[in-house]
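For reference, the structure is listed below as structure tokens.
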There are 2 protein chains.
Amino acid sequence: MRTPHHPERNQLDLSAVLYALSDPTRMEVVRRLAGEGELACGTFGLPTTKATLSHHFKVLREAGLIHTRVEGVHRYNSLRKQDLEARFPGLLKAVLKASGQS
Amino acid sequence: MRTPHHPERNQLDLSAVLYALSDPTRMEVVRRLAGEGELACGTFGLPTTKATLSHHFKVLREAGLIHTRVEGVHRYNSLRKQDLEARFPGLLKAVLKASGQS
DNA sequence: CAAAAAGTTAGATAACAATCAAACTATTTG
DNA sequence: CAAATAGTTTGATTGTTATCTAACTTTTTG
């Protein structure tokens, strides 16, 4: 299967990024990727079906927060840290820090 | 009229804050308040009706982003900069900076 | 008190989003 | 090739949100 589409760094839209992060499930995905690096979709252990999780990954991908690499039967996801930092300096760090509190 | 309810500093919810900021109209309100200080609802000149704007102010207020002070026939709104900085350090600054780009 | 001004609230509508089950696609392995 | 695995897509459902008009509340002012 082909690699899905990812927006360019300089086309990242702040509203889309903030919207994607405003969902607790998606935030949790981002937190896990921030802490553990590249992860396949199936390894998150979140309380939803595959279909729902696939939807959340799509939202994150289309907002430019994650990159999905296809290898064999897996999709490996990673946070687009550099792109996010270049486009929105300090934002990801502040969000991750904030999400670590109660 | 009585002052509307505002959430406490330590009860601010990150998801609610990010969601509130993910709407371009609301982000514009926040930007104006960040730049110009306290403003009455009617002074924003945004392309919506009073009712819609009132709705957006309510979302911002309930997320804890703004404070609304009632004085006579006006509602003066201000950004809760200190509260936001205390609860989510660096977040508002990064968002405002990011929203200033294209 | 009547009218104006500034917002809010209620009710309606239309668009959007989250979720799931079921069907599907692609890859690996027996 | 058949089965298993990993994830996507489709279609349906349900709930949420943005928006508007119209009616309402509160305060100020003639």
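Since the model is a prediction, treat every value here as computed from it, not as a measurement. Numbered from 1 within each chain, the chains take letters A, B, ... in sequence-line order.
At the phosphate of C:dA6, neither OP1 nor OP2 sits under 4.0 Å from any side-chain N or O atom of B:Arg75.
Rounded to an integer number of Å, the gap from OH of A:Tyr76 to C1' of C:dT27 is 12 Å. Summarising the geometry, the separation between NE2 on B:His74 and P on C:dA4 is reported as 17 Å, rounded to the nearest angstrom. As rounded to whole Å, 12 Å separates atom P of C:dA18 from atom NZ of A:Lys58.
In the hydrophobic cluster analysis, where Ile, Leu, Val, Met, Phe, Trp and Tyr join through side-chain heavy atoms closer than 4.5 angstrom, A:Leu60 is grouped apart from A:Tyr76. Taking hydrophobic clusters as Ile, Leu, Val, Met, Phe, Trp and Tyr residues chained together by side-chain heavy-atom distances below 4.5 Å, A:Leu46 shares a cluster with A:Val30. Residues A:Phe57 and A:Val59 fall into different hydrophobic clusters, defined by Ile, Leu, Val, Met, Phe, Trp and Tyr side chains chained together at heavy-atom separations under 4.5 Å.
Proximity of residues 14-37 of chain A to DNA chain D (heavy atom under 4.0 angstrom from any strand atom) is not detected for any residue. Within residues 38-56 of chain A, the residues approaching DNA chain C are A:Thr48, A:Thr49, A:Ala51, A:Thr52, A:His55, A:His56, by heavy-atom distance under 4.0 Å.
The closest side-chain heavy-atom distance from B:Gln101 to A:Arg87 is below 4.5 Å. For the pair B:Glu28/B:Pro24, no side-chain contact is recorded, criterion being any heavy-atom separation below 4.5 Å from C-beta on.
Evaluation of the side-chain hydrogen bond (donor to acceptor under 3.5 Å, both in side chains) rule for A:Gln11 yields no partner, not counting sequence neighbours. Applying the salt bridge (Lys or Arg N to Asp or Glu O under 4.0 Å) rule to A:Glu71 yields the partners A:Arg69; only residues at least two apart in sequence or on another chain are considered. Listed by chain and residue number, nothing satisfies the ring-ring contact (aromatic ring centres under 6.0 Å, His included) test with A:Tyr19 (two or more places apart in sequence, or in another chain).
Side chains of A:His67 and A:Arg80: no donor on one and acceptor on the other come within 3.5 Å. Side chain to side chain, B:Arg61 and B:Thr68 meet the donor-acceptor criterion of an N or O pair below 3.5 Å.
Residue B:Arg61 is classed as a sugar-phosphate contact, given heavy-atom separations below 4.0 Å to backbone atoms only.
In the 5' to 3' direction, nucleotides of DNA chain D lying under 4.0 Å from heavy atoms of chain B begin and end at D:dT17 to D:dT28.
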Checklist entry - Do A:Val29 and A:Leu33 pass the side-chain contact (heavy atoms from CB on, under 4.5 Å) test, and can you show the C-alpha distance, the side-chain angles, and the key distance before you say yes or no? => result CA-CA 6 Å; A:Val29 168; A:Leu33 293 178; 4.1 Å; yes
